[in-house]
Amino acid sequence: MPPLVKSILKSFPNAEIHDLKGRALLPAFIDSHNHLSTFGCFFPTWANLIGLTEKESVLEEIRMQARKKPGKEWIVGFGWFDAKIGGVDLTKKDLDEISSDRPVLLIQATFHQSVVNTRALELLGINRSIPDPRCGIILRESDGTPTGVIVESAQVPVFKLVMETDTGKLADLIEERAKELFQFGITAFHDPGVTTDAEAAYKKLHDEERLPVSVLMMPHGETLLDNQLGHRFRDRSLEWVMKSCVWALSNYSLTVQQQKQ
């Protein structure tokens with residue numbers, strides 16, 4: 001045993017010693033960007049489009065998802081690669097081939113762009129007369145008809161619809177996905193998109209001592225890409241974290257570091 005180790009052990013006579021038999025022991029990791037309370041929770045229930053670059057392979061995966069989850073609910077795929085990132089551009093016409101009576105949503109791998117079918121546009125109220133939202137774009141044909149591609153905050157209404165659930169179910173999903181982080185040595189993460197619903201779910205887990213990791217929460221509005229945060233700073237419901245959290249306010253962005261008690 002090296003002299004330095006012997007010296008340290010003398011200072012801790014009651015220390016419990018574990019022989020790692022040559023293996024390395026590293027500190028746990030902090031994941032600096034993990035949308036666990038939103039995409040991370042729901043992704044396992046959606047079609048996985050990551051790595052698919054051909055049009056037919058993407059559409060076939062969506063067809064399989066429709067067969068796997070029959071009914072009238074949303075058909076959702078995540079990880080679509082558009083042409084800019086080596087994949088294929090799609091429009092509502094492509095998705096209409098899959099379903100004309102069920103809404104279909106494909107979320108790009110970066111989640112800053114999506115494509116929906118005609119039925120989804122109808123449910124979202126997106127048509128030629130609807131202007132582009134603040135910080136968002138609705139791609140259109142030359143006559144103003146939406147192509148089905150929506151960019152940035154134009155996705156806010158559809159994200160809200162497809163990720164809407166009750167607090168208890170969302171809490172269960174967060175707990176399940178958070179436990180999966182342990183196999184990668186991750187015991188803390190930054191969630192850069194905590195909606196009001198996600199905050200309620202985190203609070204439930206915290207109160208019930210079921211939150212298995214530490215979370216740095218960055219508040220969002222009602223859903224991802226909804227940057228209307230004024231009410232979040234005035235909302236007294238955030239006070240539940242103040243006794244056990246560190247607050248940092250810089251350039252009008254708020255982060256909350258919540259450590260397990």
Side-chain angles (χ1 to χ4, degrees), residues 29-53 57-71 73-82 85-88 90 95 98-99 102-117 120 150-152 155-202 205 211-213 215-218 220 222-226:
F29 299 111
I30 299 174
D31 187 336
S32 63
H33 196 112
N34 189 326
H35 290 281
L36 189 135
S37 64
T38 48
F39 293 132
C41 283
F42 294 95
F43 177 55
T45 68
W46 297 338
N48 184 354
L49 307 178
I50 295 175
L52 303 181
T53 58
S57 61
V58 172
L59 297 182
E60 180 55 31
E61 194 69 28
I62 295 300
R63 292 189 191 100
M64 289 174 57
Q65 180 73 2
R67 292 192 293 268
K68 186 190 304 182
K69 293 183 176 295
E73 299 300 317
W74 284 81
I75 305 168
V76 184
F78 181 83
W80 159 52
F81 285 17
D82 67 351
I85 53 177
V88 58
L90 299 170
L95 303 188
I98 295 173
S99 179
R102 293 181 66 180
V104 182
L105 165 68
L106 271 59
I107 305 170
Q108 191 213 40
T110 68
F111 80 77
H112 289 283
Q113 175 177 306
S114 294
V115 59
V116 297
N117 68 342
I150 48 181
V151 182
E152 296 296 353
Q155 302 171 100
V156 166
V158 71
F159 284 171
K160 185 169 177 59
L161 281 176
V162 300
M163 290 187 279
E164 191 170 36
T165 188
D166 62 78
T167 300
K169 182 176 180 180
L170 183 56
D172 291 342
L173 288 171
I174 290 174
E175 180 183 21
E176 182 179 354
R177 303 298 172 229
K179 287 179 178 178
E180 293 176 356
L181 297 175
F182 292 151
Q183 63 185 303
F184 304 107
I186 297 170
T187 60
F189 66 92
H190 300 178
D191 189 336
V194 177
T195 65
T196 51
D197 290 341
E199 180 196 323
Y202 276 129
L205 291 171
L211 189 58
V213 293
V215 185
L216 184 145
M217 299 188 296
M218 301 170 67
H220 258 47
E222 294 302 313
T223 190
L224 281 177
L225 299 180
D226 176 8

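These numbers were taken from a predicted model, which means no experiment stands behind them.
- Residues that satisfy the side-chain hydrogen bond (donor to acceptor under 3.5 Å, both in side chains) test with D82, not counting sequence neighbours, are Q108, Q113.
- Partners of E61 under the salt bridge (Lys or Arg N to Asp or Glu O under 4.0 Å) rule, at least two apart in sequence or in another chain, do not exist in this structure.
- For S99, the side chain to side chain contact (heavy atoms under 4.5 Å, CB included) partners are I75, D101, R102, V104, not counting sequence neighbours.
- Considering CZ of F159 and CD of E164, their distance stands at 14.5 Å, rounded to 0.5 Å.
- Here the closest non-hydrogen pair linking F81 and A109 is CE1-CB, 3.5 Å.
- Listed by chain and number, the residues in a salt bridge (Lys or Arg N to Asp or Glu O under 4.0 Å) with D172 are R210 (sequence neighbours excluded).
- How far CG of L181 is from CZ of F189: 6.5 Å, rounded to the nearest 0.5 Å.
- Scanning both residues, P192 and N34, for their nearest heavy atoms gives CD-O, 3.5 Å.
- Summarising the geometry, atom NZ belonging to K169 is positioned 13.0 Å from atom CD1 belonging to I174; distances are rounded to the nearest 0.5 Å.
- With sequence neighbours excluded, the residues satisfying side-chain hydrogen bond (donor to acceptor under 3.5 Å, both in side chains) with R177 are E180.
- Judged as a ring-ring contact (aromatic ring centres under 6.0 Å, His included), and not counting sequence neighbours, the contacts of F111 are H35, F39.
- Checking each of I98, L105, N117 against I62 for a side chain to side chain contact (heavy atoms under 4.5 Å, CB included) leaves exactly one that passes, namely I98.
- If you take CG on D197 and OG1 on T167, they are separated by 6.0 Å, rounding to the nearest 0.5 Å.
- Partners of S114 under the side-chain hydrogen bond (donor to acceptor under 3.5 Å, both in side chains) rule, at least two apart in sequence or in another chain, are Q155.
- Legend: residues meeting side chain to side chain contact (heavy atoms under 4.5 Å, CB included) with S57, ordered by chain and number and at least two apart, are L52, E54.
- Here the closest heavy-atom approach between residue W80 and residue I85 is recorded as O-CD1, 4.4 Å.
- Taking every heavy atom of both residues into account, V58 and L106 meet most closely at CG1-CD2, 3.7 Å.
- Within the structure, the side-chain hydrogen bond (donor to acceptor under 3.5 Å, both in side chains) test picks out the following pairs touching residues 37-46 (sequence neighbours left out): S37-D191.
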Test F42 against L170 for side-chain contact (heavy atoms from CB on, under 4.5 Å), laying out the working first. CA-CA 9 Å; F42 294 95; L170 183 56; 4.3 Å; yes
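- Remark: Q65 engages no residue in a side-chain hydrogen bond (donor to acceptor under 3.5 Å, both in side chains) (not counting sequence neighbours).
- With sequence neighbours left out, K69 forms a salt bridge (Lys or Arg N to Asp or Glu O under 4.0 Å) with no residue at all.
- Going from atom OG1 of T187 over to atom CZ of F182 covers 7.5 Å, rounded to the nearest 0.5 Å.
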Show your working on side-chain contact (heavy atoms from CB on, under 4.5 Å) between L95 and V115 and close with a plain yes or no. CA-CA 8 Å; L95 303 188; V115 59; 4.0 Å; yes
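- Under the side chain to side chain contact (heavy atoms under 4.5 Å, CB included) criterion, N48 pairs with F43, I50, sequence neighbours left out.
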Take R67 and E60 through the test salt bridge (Lys or Arg N to Asp or Glu O under 4.0 Å) and record every step on the way to the result. CA-CA 11 Å; R67 292 192 293 268; E60 180 55 31; 3.2 Å; yes
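- Note that CE of M217 is 11.0 Å distant from OG1 of T195, once rounded to the nearest 0.5 Å.
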